[in-house]
Amino acid sequence: MELPRIFTIRERNHRIHNPFTPEKFATLGAALRLPAGSTVLDLASGSGEMLCTWAREHGFTGTGVDISTLFTEQARARAVELGVADRVAFVHDDAAGYVSDQPVDLAACVGATWIGGGVPGTVELLTRSLRPGGMMLVGEPYWRRAVPDEETARACLASGSADFLLLPELIEQFGDLGCDVVEMVLADQDSWDRYQAAQWLTMRRWLDANPDDEMAGEIRIELTVEPARYARYQREYLGWGVFALMRR
Ligand SMILES: C[S@@+](CC[C@H](N)C(=O)[O-])C[C@H]1O[C@@H](n2cnc3c(N)ncnc32)[C@H](O)[C@@H]1O
């Protein structure tokens with residue numbers, strides 16, 4: 001049970017493993033208008049930045065679950081650094097099927113809906129941990145504009161255009177699942193750059209330090225082709241946002 005190494009090579013210096021900035025997470029945390037003491041379950045919590053900063057800023061308590069050993073260690077270290085280690089815990093585990101012992105006020109899956117087999121399954125999974133009247137957060141890509149062909153979709157790292165919806169359609173899908181969309185904060189191209197472009201320097205530094213590693217060839221190719229691919233396709237076509245949902 002471990003995240004493939006390619007991700008930890010690319011994102012080892014990231015605090016946020018999504019096209020979000022600290023400012024966008026701060027905006028979202030305030031927008032939810034939840035009281036101090038609110039309990040949170042964060043499935044696929046990465047390096048724990050959302051949970052740790054919200055514990056500090058809003059007095060939330062909670063648990064993050066992630067399959068990456070490195071990211072989980074980083075999350076625990078961040079909790080100590082921000083002085084919230086008594087309020088948050090990070091569990092190294094598979095989040096697929098993970099349900100909290102006690103119902104929580106806020107159940108989140110920000111950027112990993114594959115753990116529920118897609119958006120509907122993830123909403124269902126989060127609902128199982130949620131107290132009645134609680135709130136869910138789902139982070140999910142969408143098409144900023146319709147892709148002209150399947151090749152473009154694949155160049156956005158989708159398996160095809162059907163992987164994602166346009167933003168209004170994604171919002172309607174949440175409605176079809178019986179949820180009100182009560183808030184959203186969206187990535188923009190600058191916040192995408194903080195996620196994607198920040199990986200290029202990390203890869204370059206890693207390559208310089210690890211020229212004989214078995215993954216050096218793969219990382220070399222990626223660093224060569226990735227910036228133009230990203231600029232040509234993903235930056236133009238792929239949106240991403242976090243949607244706050246409440247069951248109707
Ligand atoms: C796009 S990142 C998002 C991380 C975090 N939510 C954030 O915003 O920084 C996806 C995360 O999902 C984790 N992950 C992937 N598959 C998982 C699984 N089956 N169970 C738990 N975590 C998983 C990865 O380790 C990674 O941290």
Side-chain angles (χ1 to χ4, degrees), residues 1-29 32 40-57 60 62-79 81-82 88-100 104 106-119 121-122 124-126 128-129 136-142 156-158 163-164 184-188 191-199 202 230 234 238-244:
M1 183 186 64
E2 190 52 78
L3 187 68
R5 191 168 166 237
I6 184 87
F7 292 100
T8 51
I9 292 174
R10 288 192 205 115
E11 299 187 31
R12 60 193 315 108
N13 296 128
H14 282 52
R15 280 196 179 137
I16 298 170
H17 304 274
N18 270 316
F20 247 27
T21 55
E23 293 75 20
K24 285 186 183 286
F25 265 131
T27 298
L28 178 64
L32 300 179
V40 184
L41 175 68
D42 186 11
L43 298 183
S45 46
S47 297
E49 190 69 4
M50 183 181 85
L51 200 46
C52 289
T53 54
W54 289 2
R56 182 188 60 181
E57 298 304 318
F60 297 169
T63 301
V65 181
D66 200 279
I67 207 166
S68 165
T69 310
L70 175 69
F71 295 168
T72 302
E73 285 169 359
Q74 290 180 168
R76 290 173 183 150
R78 186 68 171 149
E81 186 182 13
L82 295 188
V88 296
F90 291 97
V91 179
H92 177 233
D93 204 351
D94 188 345
Y98 191 99
V99 177
S100 61
V104 296
L106 179 66
C109 176
V110 176
T113 52
W114 57 84
I115 65 167
V119 169
T122 299
E124 202 271 327
L125 174 63
L126 294 175
R128 289 165 59 197
S129 292
M136 285 178 265
L137 293 180
V138 175
E140 181 69 3
Y142 58 87
C156 294
L157 309 182
D163 279 11
F164 307 125
M184 68 178 186
V185 177
L186 304 180
D188 55 31
S191 66
W192 263 112
D193 296 346
R194 289 309 82 231
Y195 179 47
Q196 293 292 148
Q199 297 178 29
T202 303
Y230 165 70
Q234 192 171 339
L238 202 61
W240 191 86
V242 183
F243 303 85

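Every number for a ligand or one of its atoms is a count from 1 in the order of the listing. We use all heavy atoms of the structure for the numbers below, so side chains are in, but hydrogens, waters and symmetry mates are not.
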Do side-chain atoms of [X] reach the backbone of [Y] as a donor and acceptor pair under 3.5 angstrom?
X    : Y    : answer
N18  : V110 : yes
D66  : G46  : yes
S191 : T21  : no

Looking only at distances, please establish whether an N/O atom of ligand 1 is found under 3.5 Å from an N/O atom of [X].
X    : result
G111 : no
N18  : yes
I16  : no
D94  : yes
I67  : yes

Residue part near ligand 1, for S45, under 4.0 Å between non-hydrogen atoms: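 The backbone, only.
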In terms of the angle between their ring planes, are W192 and Y230 parallel, tilted or perpendicular, with boundaries placed at 30° and 60°?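 Ring orientation of W192 relative to Y230: tilted.
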Mark up the atoms of ligand 1 that fall under 4.0 Å of a heavy atom belonging to [X], in ascending order.
X   : answer
D93 : 20 (N), 21 (C)
F71 : 25 (O), 27 (O)
S68 : 25 (O)

Check whether any heavy atom of W114 sits under 4.0 Å from an atom of ligand 1.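 The answer is yes, since W114 has a heavy atom less than 4.0 Å from ligand 1.
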Distance-only polar pair, side chains of H14 and S47, donor-acceptor under 3.5 Å: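 The criterion, which ignores hydrogens and geometry beyond distance, is not satisfied for S47 and H14.
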Whether the T202 and E11 side chains hold a donor-acceptor pair (N or O, under 3.5 Å, no angle test) is what I'd like checked.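 T202 vs E11: no donor-acceptor pair found between side chains.
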Considering only heavy atoms, which of P4, A44, G97, A96 lies nearest to atom 4 (C) of ligand 1?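 Nearest heavy atom to atom 4 (C) of ligand 1 lies in A44.
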Tell me if the centroids of the rings in Y142 and F164 come within less than 6.0 Å of each other.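 Not under 6.0 Å, so no.
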Is R78 salt-bridged to E81, cutoff N-O under 4.0 Å?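 Between E81 and R78 there is a salt bridge, with a charged N closer than 4.0 Å to a carboxylate O.
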Identity and distance of the protein heavy atom lying nearest [atom]:
atom                    : result
atom 20 (N) of ligand 1 : A95 N, 2.8 Å
atom 9 (O) of ligand 1  : H17 N, 2.9 Å
atom 25 (O) of ligand 1 : D66 OD1, 2.6 Å

Run through L126, V65, V99 and flag the one making a side-chain contact (heavy atoms from CB on, under 4.5 Å) with L41.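 One option only clears the test, and that one is V65.
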